[in-house]
Amino acid sequence: MNIPEQVKNEARWLIEQYGDSFDYLGNHEGADYFLYKFPEDVTTGFPFVFRYGDGQVMTYSDFEALDLINLLIKDFDEVGVE
């Protein structure tokens, strides 16, 4: 799936520092969710999940991001989430 430009603009600082890499998590209640994929050799805290719906982007990087991943992904190995 192509990542919407609005999501990339919201994640621009991550892209500039670590590269342009996202996973599509799925659609929930009419919005698409994307997980920013850090390089394997980078240690981070919470993941960054971007919600895109109605032309608006919301960013989650706290416990709510973990809840969204849990809600949207059935097989964590499939996306590489640890």
Side-chain angles (χ1 to χ4, degrees):
M1 167 174 243
N2 292 331
I3 308 303
E5 278 304 310
Q6 294 91 330
V7 171
K8 287 187 174 190
N9 289 338
E10 185 73 19
R12 184 67 48 209
W13 70 276
L14 290 168
I15 293 170
E16 288 173 356
Q17 191 164 2
Y18 300 108
D20 187 351
S21 186
F22 293 86
D23 277 327
Y24 177 67
L25 296 176
N27 186 288
H28 180 66
E29 296 182 351
D32 289 314
Y33 289 82
F34 302 90
L35 172 68
Y36 182 79
K37 285 179 41 177
F38 286 95
E40 287 188 27
D41 62 344
V42 174
T43 302
T44 64
F46 287 105
F48 283 82
V49 174
F50 297 89
R51 177 194 181 275
Y52 179 69
D54 298 324
Q56 302 291 320
V57 178
M58 292 184 65
T59 304
Y60 303 92
S61 61
D62 53 14
F63 286 105
E64 194 166 3
L66 298 176
D67 291 340
L68 289 166
I69 291 168
N70 189 45
L71 173 72
L72 294 164
I73 296 180
K74 303 302 179 214
D75 184 359
F76 289 105
D77 292 332
E78 192 173 296
V79 186
V81 176
E82 298 178 5

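Considering OG of Ser21 and CD1 of Ile3, their distance stands at 9.0 Å, rounded to 0.5 Å. The OH atom of Tyr24 sits 8.5 Å away from the CG atom of Leu72 when rounded to the nearest 0.5 Å. Interatomic distance, CG of Leu25 versus CD1 of Ile73, reported as 4.5 Å (0.5 Å rounding). Atom OH of Tyr52 is separated from atom CD of Gln6 by 3.5 Å, given to the nearest 0.5 angstrom. Between Arg51 atom CZ and Glu64 atom CD the span is 10.5 Å, to the nearest 0.5 Å. Atoms CD and CD, on Glu10 and Gln56 in that order, are 10.0 Å from each other to the nearest 0.5 Å.
Cluster membership check: Leu66 does not share its hydrophobic cluster with Phe34, using side-chain heavy-atom separations under 4.5 Å among Ile, Leu, Val, Met, Phe, Trp and Tyr. A continuous path of Ile, Leu, Val, Met, Phe, Trp and Tyr side chains, each step under 4.5 Å between heavy atoms, connects Phe50 with Trp13, placing both in one hydrophobic cluster.
You'll find the side chain of Phe38 reaches within 4.5 Å of the side chain of Leu14, heavy atoms only.
Considering only residues two or more places apart in sequence or on other chains, Ile15 meets the side-chain contact (heavy atoms from CB on, under 4.5 Å) condition with Lys8, Ala11, Arg12, Asp20, Phe22, Tyr36.
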Please report, to 0.1 Å, the donor-acceptor pairs under 3.5 Å made by any side chain of residues 41-49, with sequence neighbours excluded.
none

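Between Gly53 and Ala31 the shortest heavy-atom distance is CA-CB, 4.2 Å.
The environment of Asn9 atom CG is dense: over 12 non-hydrogen atoms of other residues, nucleotides or ligands sit within 6.0 angstrom.
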